[in-house]
Q: 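Submitted below is the structure of interest, expressed as structure tokens.
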Amino acid sequence: MLRITAYGDRLERDLDLVDWPEPVKLMQRNWVGRSEGAHVTFPVVDSEDTIEVFTTRPDTLFGATYMVLAPEHPLVDAISTPAQAEAVASYRQKAARQSDRDRMIDSKTKTGVFTGGFAINPVNGERIPVWIADYVLMGYGTGAIMAVPGQDTRDWEFAEVFDLPIVRTVQPPADFEGKAYTGQGPAINSGFLDGLHIEDAKTRMIDWLEEHGHRRRAITYKLRDWLFSRQRYWGEPFPILHGPDGTIRAVPEDQLPVELPPMDDFRPSASDDPDAPPTPPLGRAPEDWRFIEMDGVRYERELNTMPQWAGSCWYYLRFIDNTNGSDFVDPALEKYWMGDHGVDLYVGGVEHAVLHLLYARFWHKVLYDLGHVSTPEPFGRLFNQGYIQAFAYRDARGIAVAADDVVDQDGRPAAEVQDKPDRSFFYQGEPVTQEYGKMGKSLKNAVSPDEINERFGCDTLRLYEMYLGPLDASKPWNTRDIVGVNRFIRRVWRVFTGSDEEAADRIRISDAESPEALTRALHKTIAKVTDDLEGMRFNTAIAALIEFVSLLVPLDEVPRSVAEPFVLLLSPLAPHVAEELWSRMGHAESLAYEAWPEADESLLVEDTMPIAVQVNGKLRANIQVPSDASKDAILDQARADENVARHIEGKTMRREIYVPGRIVNFVAN
RNA sequence: GCGAGAGUGGCGGAAUUGGUAGACGCGCUAGAUUUAGGAUCUAGUGUCCGUAAGGACGUGGGGGUUCGAGUCCCCCCUUUCGCACCA
């Protein structure tokens, strides 16, 4: 068990330190589930026992008309009266058979049983009945609640079913027609709190409770401690030894790491006794691995193993220094690579939002507290890429079938016609229904990257994935569209080598000076691609390169001053082709060591610029004006345009708007 | 139910963040080249009216703000994801 709950507070607070998408931060906050409130103690009537509850609304204590314990609560037996014992026992048994999950599923109707016992509401001395019900969870708070039906929807529903008293302690607005009222308002029916608003009433009540010894403010988390142990073979063994007397000791450092023993049989073994716990797979490990003698004592190794998380929680640290045999990471390297904010950019799917990313943060904080890492947070910036989605098909039984083998009514593969209208689909002659979802094993709609690589090469695969759309959006895969980027790659190849053949060794570049228009286009492309890569807009960066290459197509030879920067721009997107061309251009070293091209600002400014002209907000002309023209000159030229003149003729000019470098709008009527 | 996001051509998507909607790609149409297929090159391709010039309409639907709205505000619809009795 790992005490992640001890870090709940910091796991929540330190989200302020990182540059992460807000939805992910929100999910983590909800997962940690910090809530502030108070513990309140209720004495049990005719007993020494007390029931402790957690509440975020101590201000509503006067409205607590009954109490509910979770069925598993340890006081249930003590509180139940003989008359109710049987009903209580049967309810508990029923609840025990249901998993937490099942309980949540049929949470529509409230169920419960009266224990026969009573407790005293400490604030007004009233006797209130104690019930048990499965809507109260043993795992959260204290496993017991004070029920305030007036201000809590669940309590209201329960009170309605079992006809329990309801007292409002917050005045709802006059037009309020609902049941439980959870909004703001002044306290009523609440003795010394009457008239106070919620926040003041809470403070006042907590003060009162503390004064009278009924406990104090408290913070509770939804987050639960982490069972970090699995009965599986594949996982890191715990370096822990069990002595014959039940003592536990760690494996000495010089014997680390503990490696899994080679085994043929991985099955866990079950005993004949149905109540005995099963022995994990390592129970079948050879005796010389299982037992180890130290200081004259024979220890047995821990037989459970660690879950997958054991690796994913710290791999980013080990990657910094993965061959280090003495430390998990060299402190100087850790400092250098982790910098001030941790990993510079972590790209991953949202499916990791609350599990991997929360647990890894926890480990990192433990390492930080022990002085092994220098940043409080592991991942400074997080970026969620979208899912790749694809069409999927189910047969009559609702079972997913291999999308690859689905055809339409004309026998054509589904992949070619899936977005066309009036298609019906078949799998092995049986009709199937089409749906759409995340590409993966469960929908059997995955496309093997190996296959795409085989057919088009990995530069094309890489480009296609980037060209699909914005990195953060989920996008549909469409194998048919891959030819587009493949054509681009081949066109680049042909432009520089003059041939479609891979073996072509000719390189068509010249030392001639580049025409000005081409140079300008190059620098615009440099500026666009640089900016787009910086913002991770790979799709538009590729579009800019495609546009630029179309200018090179008619040339017999590409000027070296254009060819080289172009290949450098291409290199992060299609590294293999770029390296090959770079080498053929006569370079012995990889282009990885070249400086990134820089756009010459002076070449980005044109002599003339296009200006759109609107009349009353409707586009009527496009005019070309000198870039340094004055507003008046531009307005004159705009008015002179034939089509514009036609639309303003005979009207009174009300306004003339000019947005520099963009648009002219004449408002006339 | 609660929370977060997304709706733009036949399809994937662009749009310097309030300033020419549809860049780029797929698909489709026509032409050139080719023995043919394929590949390549050129031109076209939101809808409607028009021979054309040009015009009307157009970013899920309805209202609004503005000289100007895919972009801002209000209401609604559809859809994807996450959480789900958390006291």
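Chain naming here is simple, since letters A, B, ... match the order of the sequence lines and numbering starts at 1 in each. Worth saying up front: this structure is predicted, and the values here are computed from it rather than measured. Computed from heavy atoms alone, side chains included, the values below leave out hydrogens, waters and symmetry copies.
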Q: If the glycosidic angle sits within 90 degrees of zero it is syn, else anti. Tell me which applies to rG37(B).
A: anti

Q: Partner lookup for rG1(B), please. Criteria are Watson-Crick or G-U wobble with both distances under 3.5 angstrom; report none if nothing qualifies.
A: rC83(B)

Q: So which nucleotide from rA15(B), rC26(B), rA87(B) ends up closest to the side chain of Arg480(A)?
A: rC26(B)

Q: Mind checking what makes side chain to side chain donor-acceptor pair (under 3.5 Å) contact with Asp152(A), not counting sequence neighbours?
A: Arg154(A)

Q: Can you measure Asn669(A) atom CG to rG68(B) atom P for me and round it to whole angstrom units?
A: 12 Å

Q: In the strands shown, is rA6(B) matched to any nucleotide by a Watson-Crick or G-U wobble pair with both distances under 3.5 Å, and which?
A: rU78(B)

Q: Quickly work out the Glu351(A) CD to rU80(B) P distance and round it to whole Å.
A: 18 Å

Q: Would you say Asn539(A) reaches rA14(B)'s phosphate, i.e. side-chain N/O to OP1/OP2 under 4.0 Å?
A: yes

Q: Check whether Phe158(A) forms a cation-pi arrangement with Lys110(A) (NZ or CZ under 6.0 Å from the six-membered ring centre, at most 45° off the ring normal).
A: no

Q: Tell me the closest heavy-atom pair linking Asn669(A) and Arg654(A), and the distance in Å.
A: OD1-NE, 2.8 Å

Q: Please report, rounded to the nearest Å, how far the P atom of rA14(B) is from the CG atom of Asp532(A).
A: 11 Å

Q: Run the salt-bridge test on Arg646(A) and Glu649(A) with the 4.0 Å N-O cut-off and return the result as yes or no.
A: no

Q: Using whole Å, report how far CG of Leu463(A) lies from C1' of rG25(B).
A: 12 Å

Q: From the list rC26(B), rC85(B), rU20(B), which nucleotide is the closest neighbour of the side chain of Lys110(A)?
A: rC85(B)

Q: Both distances under 3.5 Å, Watson-Crick or G-U wobble: report the partner of rG18(B), or none.
A: none

Q: Taking pairing as Watson-Crick or G-U wobble with both contacts under 3.5 Å, can you name the mate of rA32(B), or confirm there isn't one?
A: rU40(B)

Q: Nearest-Å distance, CE (Met439(A)) to C1' (rC81(B))?
A: 18 Å

Q: Can you give me the N/O atom pairs linking the protein to nucleotides 63-65 of chain B at distances under 3.5 Å, or say none if there are none?
A:
none

Q: Heavy atoms under 4.0 Å, any strand shown: does Ile145(A) hit a base, just sugar-phosphate, or nothing?
A: base

Q: Of the candidate nucleotides rG13(B), rG55(B), rC26(B), which contains the atom at the shortest distance from the side chain of Arg646(A)?
A: rG55(B)

Q: Answer yes or no for Lys438(A) and Tyr387(A): cation-pi contact, defined as NZ/CZ to six-membered ring centre under 6.0 Å and angle to ring axis within 45°.
A: yes

Q: Output the rounded distance in Å from CG (Leu619(A)) to C1' (rA69(B)).
A: 16 Å

Q: With the threshold set at 4.0 Å, does a side-chain nitrogen-carboxylate oxygen contact exist between Asp636(A) and Arg639(A)?
A: yes

Q: Looking at the angle O4'-C1'-N9-C4 for a purine or O4'-C1'-N1-C2 for a pyrimidine, is rU20(B) syn or anti, with syn meaning within 90° of 0?
A: anti

Q: Does the side chain of Thr608(A) come under 3.5 Å of the side chain of Gln624(A) through a donor N or O and an acceptor N or O?
A: yes

Q: Using a cut-off of 4.0 Å on non-hydrogen atoms, how would the nucleic acid contact of Ser35(A) be classed: base, sugar-phosphate, or nothing?
A: sugar-phosphate

Q: Using a heavy-atom cut-off of under 4.0 Å over every strand shown, decide if Val350(A) touches base, sugar-phosphate, or nothing.
A: nothing

Q: With no hydrogens and no angle check, just 3.5 Å: does a side-chain donor-acceptor pair link Thr169(A) and Tyr181(A)?
A: no

Q: Can you tell whether the side chains of Glu160(A) and Lys179(A) come within less than 4.0 Å, N to carboxylate O?
A: yes

Q: Looking at rC81(B), does its base get a donor-acceptor pair with the side chain of Tyr387(A) below 3.5 Å?
A: no

Q: Among side-chain atoms of Thr111(A) and Tyr91(A), is any donor-acceptor pair under 3.5 angstrom?
A: yes

Q: Given that both distances must come in under 3.5 Å, which nucleotide forms a Watson-Crick or G-U wobble pair with rA52(B)?
A: none

Q: Looking at the side chain of Ile546(A), which of rG19(B), rG25(B), rA23(B) is the nearest nucleotide?
A: rG25(B)

Q: Indicate yes or no: does Arg34(A) engage Asp9(A) in a salt bridge with an N to O separation below 4.0 Å.
A: yes

Q: Tabulate protein N/O versus nucleotide N/O from nucleotides 56-59 of chain B, keeping only pairs under 3.5 Å, one per line.
A:
from	atom 1	to	atom 2	distance (Å)
rA56(B)	OP1	Arg620(A)	NH2	3.3
rA56(B)	OP2	Arg620(A)	NH1	3.3
rC57(B)	OP2	Lys618(A)	NZ	3.1

Q: List, with names and distances, any nitrogen or oxygen atoms from the protein found under 3.5 Å away from nitrogen or oxygen atoms belonging to nucleotides 37-43 of chain B.
A:
from	atom 1	to	atom 2	distance (Å)
rU40(B)	O3'	Arg494(A)	NH1	3.2
rC41(B)	OP1	Arg491(A)	NE	3.0
rC41(B)	OP1	Arg491(A)	NH2	3.0

Q: For rA87(B), does OP1 or OP2 lie under 4.0 Å from any side-chain N or O of Tyr140(A)?
A: yes

Q: Look through every strand shown and name the nucleotide pairing with rU45(B) as Watson-Crick or G-U wobble, where both distances are under 3.5 Å.
A: rG27(B)

Q: Determine the contact category for Asn643(A): base if any of its heavy atoms lies under 4.0 Å from a base atom, sugar-phosphate if only primed atoms, P, OP1 or OP2 are that close, otherwise nothing.
A: sugar-phosphate

Q: Any protein N or O atoms within reach of nucleotides 3-7 of chain B? Criterion: under 3.5 Å, listing atom names and distances.
A:
none

Q: What nucleotide, of rG13(B), rG19(B), rG27(B), holds the atom closest to the side chain of Pro476(A)?
A: rG13(B)

Q: Taking CG from Asn486(A) and C1' from rG12(B), how many angstroms apart are they, rounded to a whole number?
A: 17 Å

Q: Please state how far atom NZ in Lys222(A) lies from atom P in rA84(B), giving the value in whole angstrom units.
A: 7 Å

Q: If the condition is side chain to side chain donor-acceptor pair (under 3.5 Å), which residues does Asp532(A) pass it with, not counting sequence neighbours?
A: Lys528(A), Arg537(A), Thr540(A)

Q: Between rU20(B), rA14(B), rG82(B), which one does the side chain of Met27(A) approach most closely?
A: rG82(B)

Q: Of the options rG25(B), rG13(B), rC67(B), whose atoms approach the side-chain atoms of Tyr467(A) most closely?
A: rG25(B)

Q: Look at all strands and tell whether Gln614(A) reaches a base, only sugar-phosphate, or nothing, counting heavy atoms closer than 4.0 Å.
A: base

Q: What are the two closest non-hydrogen atoms of Val148(A) and Asp155(A), and how far apart are they?
A: N-OD2, 2.9 Å

Q: Establish whether the base of rC67(B) is bridged to the side chain of Asn665(A) by a donor-acceptor pair shorter than 3.5 Å.
A: yes

Q: Just to confirm, is there a sub-4.0 Å distance from OP1 or OP2 of rC81(B) to any side-chain nitrogen or oxygen of Asn384(A)?
A: no

